[in-house]
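This is a predicted model, so every value here is computed, not measured. This chain uses plain numbering: 1 for the first residue, then up along the sequence.
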Amino acid sequence: MKARSSTPIFYHFNIMVMHMDHSKFREYLLLKGYSTASIDTTVRVVGYLWRWAKTENIAALSETSYSDILAFVRWSSEGGASQRRCAVT
């Protein structure tokens, strides 16, 4: 697996479009050198993040703060997500 850049991947896309059609996001990750298994996991976790953000009245993931992401990780771990799965976020 290729090392990730420090910029979160969801900043690279219009989240409304990505939410409806993951094909462009998947293509982007593939071009970045991610394996298909990593792409599947990343898309799934971003979907969880998107659903959580909607419950928190966050209109776009690009509007999330560091504390928002920490709250999502806490929420994920309370919901039974493993530490490894939380690390993906």
Side-chain angles (χ1 to χ4, degrees):
M1 184 158 103
K2 194 173 187 176
R4 296 181 195 136
S5 68
S6 60
T7 304
I9 52 182
F10 50 78
Y11 284 109
H12 295 287
F13 293 93
N14 177 325
I15 293 303
M16 291 303 289
V17 171
M18 192 183 81
H19 182 65
M20 291 182 253
D21 179 12
H22 293 101
S23 62
K24 290 181 183 181
F25 185 52
R26 286 178 177 279
E27 182 180 343
Y28 167 79
L29 294 174
L30 191 60
L31 291 172
K32 296 293 280 182
Y34 286 76
S35 70
T36 53
S38 293
I39 292 169
D40 291 343
T41 300
T42 301
V43 168
R44 186 173 48 253
V45 171
V46 170
Y48 297 151
L49 176 60
W50 178 247
R51 284 191 291 277
W52 172 84
K54 285 173 48 177
T55 67
E56 298 296 315
N57 296 317
I58 298 171
L61 294 182
S62 59
E63 296 176 7
T64 57
S65 66
Y66 179 74
S67 61
D68 291 332
I69 298 301
L70 289 178
F72 169 71
V73 170
R74 274 192 303 277
W75 174 82
S76 295
S77 63
E78 290 168 1
S82 67
Q83 286 184 342
R84 182 173 183 261
R85 182 60 43 101
C86 289
V88 170
T89 62

Practice problem: Go through the structure and list residues passing side-chain contact (heavy atoms from CB on, under 4.5 Å) with Glu56, not counting sequence neighbours. | Solution: Trp52, Ile58
Quiz item: For the hydrophobic clusters of this structure (ILVMFWY residues joined by side-chain heavy atoms under 4.5 Å, transitively), does one cluster hold both Ile69 and Val43?
Solution: yes
Quiz item: Rounded to the nearest 0.5 Å, how far apart are CG of Leu29 and CZ of Arg26?
Solution: 8.5 Å
Quiz item: How far does OG1 of Thr55 sit from CZ of Phe72, to the nearest 0.5 angstrom?
Solution: 10.0 Å
Quiz prompt | Spacing of Lys32 atom NZ and Thr42 atom OG1 [to the nearest 0.5 Å] | solution = 13.0 Å
Quiz prompt | Side-chain donor-acceptor pair present, Ser38, Ser35, cut-off under 3.5 Å | solution = yes
Exercise. Using a 4.5 Å cut-off on heavy atoms from C-beta on, say whether the side chain of Phe25 contacts that of Ile39.
Key: no
Exercise. Enter the distance from Leu49:CG to Thr64:OG1 here, rounded to the nearest 0.5 Å.
Key: 6.5 Å
